[in-house]
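Here's the structure we're looking at; comments come further down.
First the proteins, then the strands, lettered A, B, ... as listed; each starts at 1.
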Amino acid sequence: MRLRQLDLDLFGQFTGKSYDFGTASPGQPDFHVIYGPNEAGKTTTMDGYLRLLYGFPNREPYDFQHQRKNLKISGILEMDGNAQPLTRLPTRGANLLDAHGAPLPEAALQAHLGGLGLDDYRQLLCLDDETIERGGEEIASSKGDIGRLLFSAAAGVSDLTDVLDKLRADADALYKKRASSTELAQLKHALKEVERRIRDEDVSASAYQKLKQDLEAAQQAEQEIRRESAGLRRRHAQAQAQARALPMLAEVTRLDSALDGFADYPQILDINPEALVDMLARQSSAKTEAARLTDALADLEQRLDALDLAPDALELAADLQALSQLHSRHVTADLDLPRRRAALGALQNDMARAARDLGAPDGTDPMSMVVPQAQMGTLDQLLDRRRDAARVFNTEQAEVAQLTTRLAEAKATLAATDGGTAAPSGVADILARFSVDRLAPAYAAAQAAIQGDAARQTEALEALHLRGLTFDSVPPCPLTADEAEDLASRHTQGAEKLDQARAALDALRRESDSLTAQIDLMTGAQGVLTDDAAQKAIAARDALWQAHRVSLSENSADAFAAAMAQVDSQSATRLSQAAELGKLRHLAEQEARIGVEITHAEAALDVLQASQDQLRRPLTAAAAAADLPAELAPHLLAGWVRRRDAAAQAARRLDQTRANHAPVLDKAAQLTRALAPLVALEAPDFEALLAAARNLHSAEQAQAERSAKARAARDGIQADLAARNARLADLEAAVQQAQAQWAAQVADLFDNALDPDVLARSFDPLRNLQALSVQHRDISRQIKGMEADQTTFAARIGLLAATQGLAPASDPLALCSALGDLAKAAEQAQAEHDQLTAARDAAASALAETKATLARIDAQVAQQAQIFPAHVATGTLPDLRAAVATAQDVIAKRAQRRNLAAQICTDLSVDGLEAARQALDGTASADLTAEIAGLEADLDNAEQRLGAAIETRTTAANALAAVTGASDIAELTERRATLEAQIEDTALRYLELDLGHRLAEEAIRRYRDSHRGTMMDATEKAFAELTDGAYTRLMTRPDGKTETLLAQDAAGTTKEAQDMSKGTRFQLYLALRAAAYEQLASQGTCLPFFCDDIFETFDEDRTRAACRLMARIGRTGQAIYLTHHRHVVDIAQQECGDGVTIHHIQSTP
Amino acid sequence: MIKLLHTADIHLDSPLRALALRDEGLRARVQIATRIALTRIVDAALSEAVTALLIAGDLFDGAERSAKTAAFLTAQMDRLRTAGIAVFYIKGNHDAENPITGQVDLPGNVHVFDGRGGKVQIEGTQVWVHGVSFSGRHAPESLLPKFAAPVPGAVNIAMLHTSLAGAQGHDTYAPCAVSDLAAMGFDYWALGHIHKRQVHSAAPWIVMPGIPQGRDIGEAGPKSATLIEIGEHRIDTREVPTSSVEFVEHTLDISGLDEDAIRTDLRAAMRDLAGAIASDTGLVRLTLTGHSLRKWQILRDQDMWTETAQAAALETGTLWLEKTRFDLQDDAASSSSGTAVDELDGMITAIRQEPAMQAELATRLEAILAELPAQRRAALTPDEDSAKALAQDLAERGTARVLAAMKGAAE
């Protein structure tokens, strides 16, 4: 099958992309290179082809530009010599259509694909650099195992060893003999663990029965020991009780004798002996106290009688106290009065001075000058008003003067401005009428555009300059640039071919000449007899023979003999020259053949020349039309025609631009005419005129503005001045009024004693006078008060002295002191009397109390003594204490005896002491001690045995209790069953991989044996070609069960495949794949072979060789190579010439 | 109406043989299914208020002999005793050899028939139960002669553990024909031994109740006990579900499907299965069959497909995947024959049949079988023919694996 045409109608980034692979020419390789830069869509092209064959996948990665449902690929496939147009659509079912859009069965196509599926096709017939790379690695990793190499290449499984190793590794991960980390080993380990746990933790049914028996036995043993232990314990307690009771009984007997004779003592005693001691102490201290109190009473009475009292002097102290304040004021006034009187005199002097300062006439009472505070305020206000009025008036006066000056200035300015004004020219109207602001830029743009295009046209015309010819306008030309270039290029190619043909003819002629020379040399100098010469001699001989037969003369005979001899001699010579003769004949043949070739070459040359002339004709005509020299070289002419077209285009553009801008230019001309009379310029251009007009316009505008401004200034100042003058008059009146008011007030207040203007200068003297008058008033008041206090005090003291019978005295202070001494003496005597009376009363009362206490103690002693029998002495407190102590002892002994008796009865478990005595009768303390020690040893022993028995019983009970219905063992059993199932599963999975691997190895070995011959030969050829003869032979060497591939180089040394360089391994793999392709083709499956830039790592020589290999594949089937390397294209063309077709993919935008 | 519950072959504490149980989640869910089955039988007896429970042999499994099994059984029987339900129990081939049988102290409500046979009247009813136990592991002779004649005027129920006529290749136990049983004059034959439920006859009733909990793929499907309802004039029976886990075989034909469609079908199939099972949990053995263009890719990616199937099963919440098998054929239309891989395939097929290679395969099989526990080994290859078949089957699958890897290697 062959791909004639592939149309990527709608696919990936392609729309309507088509590849025409043409028909295969017999004898030429069917080799195509598709060249396009990266991302241009080489891989897309290949995938498109595969979709044409096998349909679109459900998940289509090429639906990014066109939706999947719109995708479409068509093409023409040659199948069994028929060209079959096909279209593939992405629809479900029946998506393969023929030329008429009728569905075709898939089988129609499948039948020609040799049963290859899509993946098979990719693996076997689509080669890319990754595959080559892996293939090269496979050669290394298979260690040159020829079986693997052949199969790997034939199956397109470029990493066969990896595949097999992966399977082996997968298998080994499951199981490996004696390895512990495999899945199987781990499962078995887990199984062992589970089995161990079952063994350890389970209780079998039979063991369970035994456990039950064990528990019963242990329970029985424990009961036995418990019983024995209880008996021992009882006896031990008994013996211990007896041992304790023996000494207690002896004590009872002793107590009985001690209590003899005290039977009538009280059974209980409610007297506290301590209280008795206390009572004794209180009795003795009360007696001592009574004696001391009696003595103290007598002493106090005596001291009271000795006291002297003065009752009437007692009130004097209070009276003096009432006068104490007056007394102290009197003392202070004595000190202060002279000072105050001096100060008052000074003040009066100051005031007189202040009055003078005010300008009052001498002799004026300063006090009359003192102004009250309220009047002071009024004075202040009037003075301020007078001052303010004067200030405002002054300010306004200054303003008026300033305004008057400015008015004069304004008037002068106005006069100056209005002086030089001319009449308006009317330029403003014209500028407005023509909308100059819009027109001017439009005019400039128009000018620029026209000038630009004119410059370009000039440039284009200059470019036409050729051999001294120049052009002012675009010359005519019958040819377009494309036509001229096409003709020129064909003419150039023709010229090359013509040169080649001439060279070939020359070579042929030279060869012919060389042959003729060789022949001449051989026939001439070397004397080689040519066939012609020999024939001539023979013919001469035969003629002479005929002549001789006719005449039979001696002459004729001689002549014949000589001819005969020459022929013979020639024959001998020719015989000796047999080799040279052969060569001569060969040379002659070659000469004849080359003669024919020369004739053919000459004819071909004529044809080429004629075609050149044919091409030349329209070019010459074109040159003539443009007045160019007729002999101008075609490529120069083509270039000139292209420039001429450019010039023509420039001219057209200039005309167009001018037409476009005509309205603007017209309007500009009109404006020029309107402005010209107004502007004093000689023949102005548009811009200059416009600029002058604009200047004029703006000058006129400025003048008008200035004039208006000066007039407005003058009018404003005039109005302002009038207003100010009016106000100034008002202010003057106000000043005079304030002055009058002030003078009136001063006159009124000081009774015309003061000058208002003097007072207006300062209020300070007035204020000073007022302050001094206040001080004067205060000091006068103080002096008067002090004098009054002193008089009052002297009077009151005088009265008091009279009541106490003292003589009056001039100094009231001395009199006051004497009265104070009298009052103090009376108070002291009264206080001592009161104290002594109180002490006497207290001592009398304490004595009575002490006597009562003594009486109470005596009563208590008598009452407590009643409980004792009469024969016991209890009269005094010490007697009573002795009786109580004896009674206490008796009661304690009685209690002790009772306790002992009770203890003995309890210990021995008997009812009374009698029974106890009987029970202990005959027992000895030593015996009991020995028995107790024996019993304790027995008990210890029993205790130990009981502990052991309890432990045994508990263990047995626990063991039995552990056997519950719990599911732990059942779970472990199930786990065991699962693990066993897993082990089985793992083992079988392992075996599946192991056997598969084993069988594959074996089959690959056999594959090697069956394909070694044909495939090795084909590989050898391809490899030799690829390595450019560096390796000429491939051979194998048995290596155990496998065979290793060896390559022999031209020198005869061999190299193992894995020792080759990486590049050489790639070549070897490529050779293997080429051989595989041939094998596939020989089996009847001959399909297009795709390579996607596999020469990436190849150097130039290898790429060259690889191109030859592709061409070689192209001789068997169809080889399509996709590349983005320009140099690969070049090399392919160099190597294969017409044997390769180049297809370009344009990089998509 | 008197109700009785009839079961047999509980094989208490006998483990499930399921690969799926390697999954911890599943283990937590279905641990010790035979215990659950017994518990459900007792639950049913209580809720249906039956008068008696009939256990027709193989209560224990021959291999399980833990006292804990006995303790569990005792506890369950005690539940029935508390409710006043009698239990009638005959020993089968597995019970007879199991030491638990002799050691366990069953509560007083359990009546165990001995090897001599006997009959017991169910207290307060006109129902008599007859039964004969196995006295040893084997019972090559019919046990029918040991049965006493039915009690006239009463309902007579006979309990027998028997393989009936027996099946080829299996030992026979207490052999007898269904017609022999029918002729004995009993009203209901409560049989045991065969794990697949079968009602052999309705007049009289001859019922093999089947195992109450299947333990491997060979005992697939839902399992039950049989409830007997004795009315005035007739006896009715119905099934009481007992299995908590059931094994499910499922085959999915993937002919003409692409990967997405297979995934979709897988999910749908799992959902359907999950809806169809009668037990709480289903363990699925899945086989993918059919003619597929994607055969090699699927074979190459079989681990991934197994995972996918497992995920689809788990999605249902009730299904777990036990195992996946791939039994795929090439798509008829596209079967290729031109490539070197196909040629290799042909060679391997030929090599497999060669005596030398067969011997080698056998050796390799034997070596790996030595790693298996003895009883698994015996079950896997009981004889030479089965070993040979197994080796061939594995070799064939292994070949497919290798070829799939080769075909897929370039992708």
Side-chain angles (χ1 to χ4, degrees), chain A residues 58 106 114-117 119-120 122-124 151 154-160 163 166-167 175 184 202-209 963-967 969-971 973-974 976-978 980-985 987-988 990-997 999-1000 1002-1004 1006-1007 1083 1085, chain B residues 13 15-19 21-22 31-32 35 64-72 74-75 99-100 103-104 258 260 293 333-341 343-344 347-348 351-352 357 360-361 364-365 368-369 371-373 376 380 391 394-395 397-399 401-402 405-407 409-411:
Chain A
N58 285 341
E106 288 290 334
L116 297 190
D119 294 333
D120 295 327
R122 273 189 193 279
Q123 266 187 359
L124 293 172
F151 176 70
V157 183
S158 55
D159 49 358
L160 178 66
V163 168
K166 166 97 186 6
L167 277 173
Y175 168 70
L184 192 77
D202 192 18
V203 179
S204 71
S206 41
Y208 179 66
Q209 207 59 27
V963 185
T964 62
S967 61
I969 295 302
E971 282 166 20
T973 309
E974 191 153 271
R976 178 174 65 192
T978 308
E980 286 175 354
Q982 280 181 266
I983 288 172
E984 180 182 308
D985 179 60
L988 295 183
Y990 162 77
L991 206 56
E992 185 180 309
L993 291 173
D994 180 52
L995 298 184
H997 187 266
L999 286 165
E1002 177 63 22
I1004 287 170
R1006 296 202 193 177
Y1007 186 89
Q1083 289 165 354
T1085 305
Chain B
D13 277 357
L16 299 193
R17 284 182 294 275
L19 266 176
L21 274 172
R22 67 181 133 191
Q31 199 102 56
I32 323 300
R35 283 197 178 197
E64 311 311 327
R65 39 194 73 198
S66 171
K68 295 189 179 185
T69 306
F72 178 77
T74 307
I100 301 176
Q103 302 296 354
V104 67
D258 67 4
D260 284 346
L293 274 171
S334 77
S335 92
S336 68
S337 55
T339 69
V341 176
E343 191 180 345
L344 201 75
M347 284 181 167
I348 293 178
I351 293 169
R352 271 208 309 269
M357 183 52 77
E360 183 179 342
L361 297 182
R364 285 174 184 248
L365 175 65
I368 192 73
L369 288 182
E371 301 282 347
L372 298 189
R376 300 293 302 196
L380 203 57
L394 290 169
R397 287 178 188 284
T399 306
R401 286 290 282 259
V402 174
M406 286 178 182
K407 293 215 175 224
E411 278 189 19

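- Top candidate by heavy-atom pairs under 4.5 Å with chain A, chosen from B/T69, B/T74, B/I351, B/L16, is B/I351.
- Both the backbone and the side chain of A/I1004 have a heavy atom closer than 4.5 Å to some heavy atom of chain B.
- Among B/R17, B/R397, B/R364, the residue making the largest number of heavy-atom pairs under 4.5 Å with chain A is B/R364.
- Contact count versus chain A (heavy atoms, under 4.5 Å) is highest, among B/A75, B/A391, B/A70, B/G398, for B/G398.
- Interface check for chain B: of the options A/L167, A/L993, A/T964, the most heavy-atom pairs under 4.5 Å are formed by A/T964.
- Here A/D985 is the residue among A/I969, A/I983, A/D985 with the most heavy-atom pairs under 4.5 Å with chain B.
- Note: B/L394 leads B/D260, B/L394, B/D13 in heavy-atom pairs under 4.5 Å with chain A.
- With rounding to the nearest 0.5 Å, the separation of CD in A/E992 from CZ in B/R401 is 5.5 Å.
- Interface remark: B/R376 contributes backbone and side-chain atoms alike to the contact with chain A (heavy atom separation under 4.5 Å).
- Here the CD-CD1 distance, from A/E974 to B/I32, works out to 4.5 Å after rounding to the nearest 0.5 Å.
- Counting heavy-atom pairs closer than 4.5 Å to chain B, the top residue among A/A1000, A/A977, A/A207, A/A981 is A/A981.
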> Between B/E371 and A/Y990, is a side chain to side chain contact (heavy atoms under 4.5 Å, CB included) present by the stated rule, with each step listed?
Replying inline: CA-CA 12 Å; B/E371 301 282 347; A/Y990 162 77; over 6 Å; no

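- The shortest side-chain heavy-atom distance between A/D994 and B/I368 does not fall under the 4.5 Å cut-off.
- Using a 4.5 Å cut-off between heavy atoms, B/A395 touches chain A through backbone and side chain atoms alike.
- Minimum interatomic distance between B/L19 and A/T978 (heavy atoms only, all atoms of both residues): O-CG2, 4.3 Å.
- Interatomic distance, A/Y1007 OH to B/M347 CE, rounded to the nearest 0.5 Å: 7.5 Å.
- Contacts of B/L21 with chain A are made by both backbone and side-chain atoms, with heavy-atom separations under 4.5 Å.
- Across B/L380, B/L361, B/D258, the residue that shares the most heavy-atom pairs under 4.5 angstrom with chain A is B/L380.
- The minimum heavy-atom distance between A/V163 and B/M406, with the atom names listed, is CG1-N, 4.0 Å.
- Across all non-hydrogen atoms, the minimal contact from A/D202 to B/S66 is OD1-OG, 2.5 Å.
- Interatomic distance, B/L369 CG to A/E984 CD, rounded to the nearest 0.5 Å: 8.5 Å.
- In this structure, CG in A/L999 is found 5.0 Å from OG1 in B/T399, a value given to the nearest 0.5 Å.
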